[in-house]
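Have a look at the structure below, then the notes.
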Amino acid sequence: MRTARGRRAGGLPRGVSGGVLLALLAGPAVAPAAAVPAAPDARDATESGTHALEIVLDSSGSMARATGSGGTRMESARDAVGTLVDSLPDGYPTGLRVYGADRAASCTDTRLVEPVGALDRAGIKKAVSAVRPKGETPIGPALRKAADDLPDPPRNTLGRRTIVLVSDGEDTCGDPEPCEVAEELSRDGLDLRIDTIGFQVRGEARKQLECIAEAGHGEYYDAPEAEDLARELERAGRQSAAGYRFEGRRVAGARSSADAPALRAPGQYLDTIGPGETRWYSTELGAGSTARAVDLAATGVPRPGARVGSTDGLELTMRSPDGSRCGNDRSWFAQDEGGVPLTAAVSRIPDGDGARSCDRPGRFTFELTRATADGSDRARWPVELRLGTERALPGGVAPARAETGYGPGGEDAALPTGAPRDIEGGTGFNDAKKLRAGVWRDTLVPAQTRWYRVPVGWNQQLRYDVEFANEPARPRSGGVPSSSVWTELYAPGRLPVPGGAEFTTRRPYRGEPVKVSHGTVPVSWRNRTEPAGSVRPVRRDGDYYVAVTLGAGADRIAAHAAVRVVLRVDVKGRRKRGPEHDAPYAGAGGAADGRSGGRSAGSGTSGSVQRAAGGVHPAVAAAGGAAAVLLAAGGAGYALRRRARVRSATATRGGTW
C-alpha cells in the first residue's frame, strides 16, 4: 500500500496519517518548476531515459505438448503474446526473442525475431506465429542476448528496462547458469529487471524461474493454465509500460553534510539510494520577512511489487546552518505486499520577524535516509527530488483566515454521479492526468499506482472517492486471499496531505466492491500556521495530485489482468483571485476550470454515495439519471468501449460498469 506517515516541523509532532481503500462502482494551475543545474557539468537532459520491454519466449521442443485444455503450449503462448501487445501503449518500445526454435540440439539457439523498437503489434504477432518449437532450453544465453537487445539509457538519466522470460521448464544447458546470469545483468536492479513466467511448471523448474526473478530484481508469475499465461504476461508487460517517468537533472547526494551538493530552487533532480543508505543535499536560503517558503520533496520509486517490510521507507530531515532541525518527514509502506512509490517532504516557512534559527539565511542541508528491513529487496531506488519556492506576500497584504474545517467537503459530501468517462492515469507526478470535476474510469494491474492532478484555487477544496470494482476471483483452495487498495493526496510542492480522522484512505480488498475517500480543507494562505497535518500543506492554489494504488497481493485474487476503478471528483467552493481576505471571486460565477460556482459538477445530477446501514451492502450507491450502477453478482453489464490494449478489463465482472 502507499504509506503511513510521521512528520515533524521545527521539532514538534505533526501527527500520523494512514490511507485506506475499498471500491464500488461504476484556480490557475501552478506549472512544475523548471529543472536547474546542480553543478556546472550537469547535462541538459531532463528526460527519464529509456523504458523498454523484451519478451523472451521458450520455443523448445516441450512447448509442442498439449496444455490439457485444448491446443499446445506454443499455441497458448502465441495467444498470450497477442494479448500482451494489444494491452501495451501505442509506440511502447517492445521486442521479441525466442530460444530453442531453430535447431534440435543446440545450447546457443536463440534468435531475435522482432528488434526492440516502437511497438509493432502486427509484426510481433506475425513473428510469433511463425515460431515452431524444436530444440533445447538455453535460458542463460538467451537472457544475455536479451540484455544486449535493450537500448542503454542515455548517460545521466534514469530508465527502466524489462525482460519478461516465459518458460515451460528449466534450463537444459547449464552453462552459463541462468540465476548467475540474471544477477550479473541486473547488478543493483536500478535500470534492468527480469520477470519470469512459469507455464505449467513445478518442482525444480519453478524453483529456477523463481531464482532468476529474485536475482534479476523482478517478479515470478505462475501460469498453470493457458488463460493464466495470457493474464500474467499482460500484467508483466503493463507494469513495464507503467514505469514512473522521471524528470530532472542528475545529482549525486553526498555521504556527509559537509560535502552535500548544492541544489538551486526551483529545480528538479534525480539520484539513487541504496538499502540503509543516507544521502545529503544542500541549498542557500535567504532571510527576513520577504524570504520565500521552500519545499523539498523526495520520491523514492522501488520496482512495482518489490519485496518490502512494513516499516521500510524514506525519512527526510531539513537542518538550518547551525544544525537545528527545521523539518522532518517519514514515509513508510505500512504493508508487506510489495513496493510502490513513496514521497517524503519538508518545508521551511519563514516567520514574520525572522527570529528563529530556521528563518536565518545561509546553507541549509537535507538528509535523506532509506530504512530497509532484513529480507527486503536490495535493489537501489531511483529518487526524484523537487525543490520548490513560494513567493512571500507583498507588504501590507492581509491574507484570508485559515480554513481548518471540511464543511461541505467532508466525508458525507455530495459527489458527481452519471456515466463515467474513460481515462488513463499517469505514471507519476510529471505526467499525472489532469482531471476536472466529474466521474472517471480507469484500470490498474496489481502493484500499480495511477496518478492524476486536479487544479484547485484559493477558497476551494478538493473532494474525491475511489471505487474499486467487483472482480471475478481466480480459482483457489483454502482461505480467501486479501490485498489492499489505497489513495494518497499531495498539495502543490508535492506535500503529502494526511487524511486524518475524516477520511478512510486505505482498505482491504478481496475482489468485492470497496471504496476509499480523501479531500482537503479550503485552500488558504494562513493554513501554513495551523498545527494539524491535514491543514498545513493546503496553503497554495495549483495542482493537487491524487495517487491511487492496487496492492500487489491482488494478483492472487483477480481473474483478469486489471481491476477497474471509478473516481468521483469534485472541487467545491467559489474560486478567489488571490489569497487576500478581500480578494474578488473569479469570473461571473466564481468558477474555476469551467465548474459551476457552488454546486458539484459532473455528467449527471449531483448526488452522494450512501454509506452502509441496516445491513445494506456498502457497494450500493445512489445514482442520478440513467446512471444506476448494479453491483450484485451476476448483474447486467456493458463492455467498456476502450482500445484493444485494455480489452482484458472490459468483461462484465459481477456487475455493471
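The shown structure was predicted, so the numbers you read here are calculated from the model rather than taken from an experiment. For reference, positions follow the sequence shown, starting with 1.
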Please assess R539 against E530 for the test salt bridge (charged side-chain N to carboxylate O under 4.0 Å, His left out), listing each intermediate value before the final yes or no. CA-CA 10 Å; R539 67 176 201 249; E530 294 297 318; over 6 Å; no
Backbone N or O of [Y] within a donor-acceptor pair of the [X] side chain at under 3.5 Å?
{"X": "Q448", "Y": "G551", "value": "no"}
{"X": "R348", "Y": "C358", "value": "yes"}
{"X": "S376", "Y": "G309", "value": "yes"}
{"X": "S524", "Y": "R401", "value": "yes"}
{"X": "R450", "Y": "G425", "value": "yes"}
{"X": "E502", "Y": "G410", "value": "no"}
{"X": "D195", "Y": "E219", "value": "yes"}
{"X": "T283", "Y": "L263", "value": "yes"}
{"X": "Q335", "Y": "G338", "value": "yes"}

Salt-bridge test for [X] and [Y]: reply yes if a basic N is under 4.0 Å from a carboxylate O, no otherwise.
{"X": "R264", "Y": "E284", "value": "no"}
{"X": "R245", "Y": "E384", "value": "no"}
{"X": "R161", "Y": "D152", "value": "yes"}
{"X": "R494", "Y": "D543", "value": "no"}
{"X": "R160", "Y": "D191", "value": "no"}

Is [Y] close to [X] at the side-chain level, that is, under 4.5 Å between some pair of heavy atoms?
{"X": "Y544", "Y": "V538", "value": "yes"}
{"X": "E411", "Y": "Y406", "value": "no"}
{"X": "L296", "Y": "L316", "value": "yes"}
{"X": "L495", "Y": "S347", "value": "yes"}
{"X": "T487", "Y": "L489", "value": "no"}
{"X": "R378", "Y": "P275", "value": "yes"}
{"X": "I423", "Y": "L435", "value": "yes"}
{"X": "T343", "Y": "F429", "value": "yes"}

Output the distance between atom [atom1] ([X]) and atom [atom2] ([Y]), rounded to the nearest 0.5 Å.
{"X": "S357", "Y": "R325", "atom1": "OG", "atom2": "CZ", "result": "12.5 Å"}
{"X": "L385", "Y": "L368", "atom1": "CG", "atom2": "CG", "result": "7.0 Å"}
{"X": "R330", "Y": "L342", "atom1": "CZ", "atom2": "CG", "result": "10.0 Å"}
{"X": "W440", "Y": "R568", "atom1": "CH2", "atom2": "CZ", "result": "13.0 Å"}
{"X": "C326", "Y": "R356", "atom1": "SG", "atom2": "CZ", "result": "7.5 Å"}
{"X": "L314", "Y": "R279", "atom1": "CG", "atom2": "CZ", "result": "12.5 Å"}

Minimum-distance pair of heavy atoms, taken over all atoms of [X] and [Y]:
{"X": "V497", "Y": "G519", "value": "CG1-O, 4.4 Å"}
{"X": "G189", "Y": "H217", "value": "CA-CD2, 3.3 Å"}
{"X": "I273", "Y": "T369", "value": "CD1-C, 4.2 Å"}
{"X": "A552", "Y": "S483", "value": "N-OG, 4.3 Å"}
{"X": "S186", "Y": "G216", "value": "OG-CA, 3.5 Å"}
{"X": "A547", "Y": "T449", "value": "CB-CG2, 3.9 Å"}

Does D465 form a salt bridge (charged side-chain N to carboxylate O under 4.0 Å, His left out) with R463? I'd like the steps, not just the answer. CA-CA 7 Å; D465 285 351; R463 175 69 172 84; 2.7 Å; yes
Is the NZ or CZ atom of R370 positioned over W381's six-membered ring, under 6.0 angstrom from the centre and within 45° of the axis?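 The answer is yes; both the distance and angle limits are met.
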With a distance cut-off below 6.0 Å to the six-membered ring centre and an angular limit of 45° from the axis, does R574 pair with Y585 as a cation-pi contact?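 Relative to the ring axis of Y585, which defines the angle, R574 lies inside both limits.
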Verdict with reasoning, D541 to R577, per salt bridge (charged side-chain N to carboxylate O under 4.0 Å, His left out): CA-CA 10 Å; D541 68 335; R577 293 188 181 276; over 6 Å; no
Do we see a donor-acceptor contact under 3.5 Å between the side chains of [X] and [Y]?
{"X": "D336", "Y": "S310", "answer": "no"}
{"X": "T278", "Y": "E367", "answer": "no"}
{"X": "E488", "Y": "Y545", "answer": "no"}
{"X": "D570", "Y": "Q461", "answer": "no"}
{"X": "S282", "Y": "T365", "answer": "no"}
{"X": "T372", "Y": "D312", "answer": "no"}
{"X": "E403", "Y": "N527", "answer": "no"}

Please determine which of T549, V548, V569 meets the side chain to side chain contact (heavy atoms under 4.5 Å, CB included) test together with V466.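 Testing each of T549, V548, V569 against V466, the sole residue satisfying side chain to side chain contact (heavy atoms under 4.5 Å, CB included) is V548.
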Would you call the rings of Y490 and W451 parallel, tilted or perpendicular if under 30° counts as parallel and over 60° as perpendicular?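 Parallel.
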Starting from the C-alpha separation in whole Å, work towards a yes-or-no answer on side-chain contact (heavy atoms from CB on, under 4.5 Å) for F364 and M318. CA-CA 7 Å; F364 284 69; M318 176 193 293; 4.3 Å; yes
Take a 6.0 Å sphere around CD of E214 and say whether it holds more than 12 heavy atoms from other residues, nucleotides or ligands.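 No, because the 6.0 Å sphere around CD of E214 holds 12 heavy atoms or fewer from other groups.
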Atom CZ of residue position R363 - does it have more than 12 heavy atoms of other residues, nucleotides or ligands inside 6.0 Å?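 Yes.
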Does the pair R380 and E277 meet the rule for a salt bridge (charged side-chain N to carboxylate O under 4.0 Å, His left out), with working shown? CA-CA 10 Å; R380 295 188 69 82; E277 188 175 9; 3.0 Å; yes
Is the F246-Y244 ring centre distance short of 6.0 angstrom?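 Under 6.0 Å, so yes.
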Pair Y464 + Y452: ring centers closer than 6.0 Å: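 For Y464 and Y452, the ring centres are not under 6.0 Å apart.
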Could you walk me through whether T504 and S517 satisfy the side chain to side chain donor-acceptor pair (under 3.5 Å) test, starting with their C-alpha distance in whole Å, then the side-chain angles of each, then the deciding distance to 0.1 Å, before giving a yes or no? CA-CA 6 Å; T504 301; S517 304; over 6 Å; no
Assess whether side-chain contact (heavy atoms from CB on, under 4.5 Å) is satisfied between V445 and L550, documenting all intermediate values. CA-CA 7 Å; V445 296; L550 174 65; 5.8 Å; no
